[in-house]
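Quick note: residue numbers are just sequence positions, from 1.
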Amino acid sequence: MQQLKNIIFDLGGVLLNIDYNKTVAAFEQLGIENFEEMFSQFKANELFENLETGKVNEQEFYAAIKKQIAANITTGQIESAWNAMLLDFRTESLGFLKLLAPDYNLYLLSNTNSIHLKCFQQIFTRDTGKPLLDSFFSKAYYSHLIGLRKPHKEIYEFVLQDADIKKGETIFIDDSANNIEAAKKLGIKTHLLKPNEKIENIGL
C-alpha cells in the first residue's frame, strides 16, 4: 500500500459550518419558493453551475435572480440571501490542519463562487484574526477560478496534475457522497465526513 502523503479537504461542511436551509428560507422570503430545486448540497441548475464554474459573473447572476422574482428587490438582498448559508469556521479543525502540515501536503478543493469567496474570507478573518484561509494549504482550488466543479471527474484530474500528486498517495475528505464517489472511481482514497463528524476525530 502506498504511503499517504496528500490530503485534499472540502470546505463547506468540513472546515466551514454551513446551513443550506438558511439560504432556502431567505430566498423564499424574497419570493423564490422552489429554490431547493435550483440549488442544494446535492445539485445545481444551469445558473448555479455556471456561477460556480466562472461562466456567469456576479452581475449576470444577480440579474438572472431578479428576473425570477416579481417583487422589486435589491442586489444586496440577493447577496445576503445567497450568503445566509455561510455560518462560521471550525476553529479546532483549522488548528488540526497545523498539526497535519508537517507530515502531509494539504489542499483545499471547494465548489464555490466569487460572492461566497468574499464572504467566507471575511468570516475566516472574523473567526481567526488571520487574513487568508489559503495560508493553511499548499494550494487552494476554487471551482469558479479553475472552471471545473465537483463531482465531475475533470476537477479531480486537474488537481492531481496541477499539484503533481499521485492518487494512491492522496485522500479526499468531503461531506457529499456524490463528490466522494466520483473521486473514488478515479482511485483516490476518500473519507465521507458524516454530520457532526470532525476531521480531528477520523484518525488521520
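With a 4.5 Å cut-off on side-chain heavy atoms, K98 and F136 count as touching. Residues N6 and Y104 have side chains not in contact (no heavy-atom distance under 4.5 Å, counting atoms from C-beta outward). When side chains are defined from C-beta on, E58 counts as touching I115, because their heavy atoms get closer than 4.5 Å.
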| field | side chain to side chain contact (heavy atoms under 4.5 Å, CB included) evaluation trace for E169 with Q3 | value | CA-CA 6 Å; E169 299 174 345; Q3 182 183 359; 5.9 Å; no
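A donor-acceptor pair under 3.5 Å is absent between the side-chain atoms of S138 and the main chain of N105, judged by distance alone. Proximity of a side-chain donor or acceptor of Q77 to a complementary backbone N or O of T74 within less than 3.5 Å is detected. Between the T23 side chain and the M85 main chain, a donor and an acceptor come within less than 3.5 Å of each other.
Within 6.0 Å of NZ on K22 lie no more than 12 heavy atoms contributed by other residues, nucleotides or ligands. Within 6.0 Å of the CD atom in E154, the count of heavy atoms belonging to other residues, nucleotides or ligands exceeds 12.
In this structure, F48 and F35 have perpendicular ring planes: the angle between them is above 60°, well past the 30° mark.
Applying the salt bridge (Lys or Arg N to Asp or Glu O under 4.0 Å) test to E49 and every residue at least two apart in sequence or in another chain returns R149.
For an aromatic pair to be called close, the ring centres must be under 6.0 Å apart, and Y107 with F137 fails this.
Clustering of Ile, Leu, Val, Met, Phe, Trp and Tyr side chains at separations under 4.5 Å leaves L132 isolated, with no partner residue.
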